[in-house]
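We count residues from 1, following the sequence as given.
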Amino acid sequence: MPVRRGHVAPQNTYLDTIIRKFEGQNRKFIIANAQMENYAIIYCNDGFCEMFGYSRVEVMQRPCSCNFLTGPDTTPNSIAQLGQALLGSEECKLEILYYRKDTLPVL
């Protein structure tokens, strides 16, 4: 079975299809596994890594809540809303301020 760079999951054609579809659209994204503890990130694309200044290795297996990207101006309310959305099954739209590894906010 071929090894995909940054892919920490069994071979899955559904995931491969999602990755191929969004990679070509200049999007920045992560994919998480809802069956793993903390909804661990199992894939992040190069755009996501470039946007936040982290390497793929630093992002993989972290919780998909991306609490490692929060900073001093990230509101506790938005973090709580995101946590509730991950526990539920309904779509949630919110604004949240994340920071790059070099501590600059991503606007």
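Here the CG atom belonging to N38 is positioned 10.5 Å from the CG atom belonging to L86, to the nearest 0.5 angstrom. In this structure, the separation between CD on Q61 and CD1 on I41 is 9.0 Å, given to the nearest 0.5 Å. Rounding to the nearest 0.5 angstrom, the gap separating the CG atom in N33 from the CD1 atom in I42 is 5.0 Å.
Under the 4.5 Å side-chain criterion, counting only non-hydrogen atoms from C-beta, L15 is not in contact with Y43. Using a 4.5 Å heavy-atom threshold, the side chains of F48 and V59 count as touching. E23 places none of its side-chain heavy atoms less than 4.5 Å from the side chain of D46. In this structure, L87 and Y39 have side chains that are in contact, with non-hydrogen atoms separated by less than 4.5 Å.
For the ring-ring contact (aromatic ring centres under 6.0 Å, His included) condition, the pairs that include at least one residue of residues 54-107, sequence neighbours left out, are Y54-F68. Applying the salt bridge (charged side-chain N to carboxylate O under 4.0 Å, His left out) test to pairs two or more places apart or on separate chains, none has a residue in residues 62-77.
Partners of E58 according to the side chain to side chain donor-acceptor pair (under 3.5 Å) rule, which considers only residues two or more places apart in sequence or in another chain, are S55, K101. Residues satisfying the side chain to side chain contact (heavy atoms under 4.5 Å, CB included) criterion with N67, sequence neighbours excluded, are P63, S65. Taking the side chain to side chain contact (heavy atoms under 4.5 Å, CB included) definition, one finds that Q81 meets it with N77, L94, sequence neighbours left out. With sequence neighbours excluded, the residues satisfying side chain to side chain donor-acceptor pair (under 3.5 Å) with S78 are T75.
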Kindly list each side-chain donor-acceptor pair under 3.5 angstrom involving residues 24-31, sequence neighbours excluded, with atom names and distances?
| residue | atom | partner | partner atom | Å |
| --- | --- | --- | --- | --- |
| Q25 | OE1 | R27 | NE | 3.0 |
| Q25 | OE1 | R27 | NH2 | 3.1 |

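For the pair R100 (side chain) and L69 (backbone), a donor-acceptor distance under 3.5 Å is absent.
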Does T70 form a side chain to side chain contact (heavy atoms under 4.5 Å, CB included) with I79? I'd like the steps, not just the answer. CA-CA 8 Å; T70 61; I79 296 169; 3.8 Å; yes
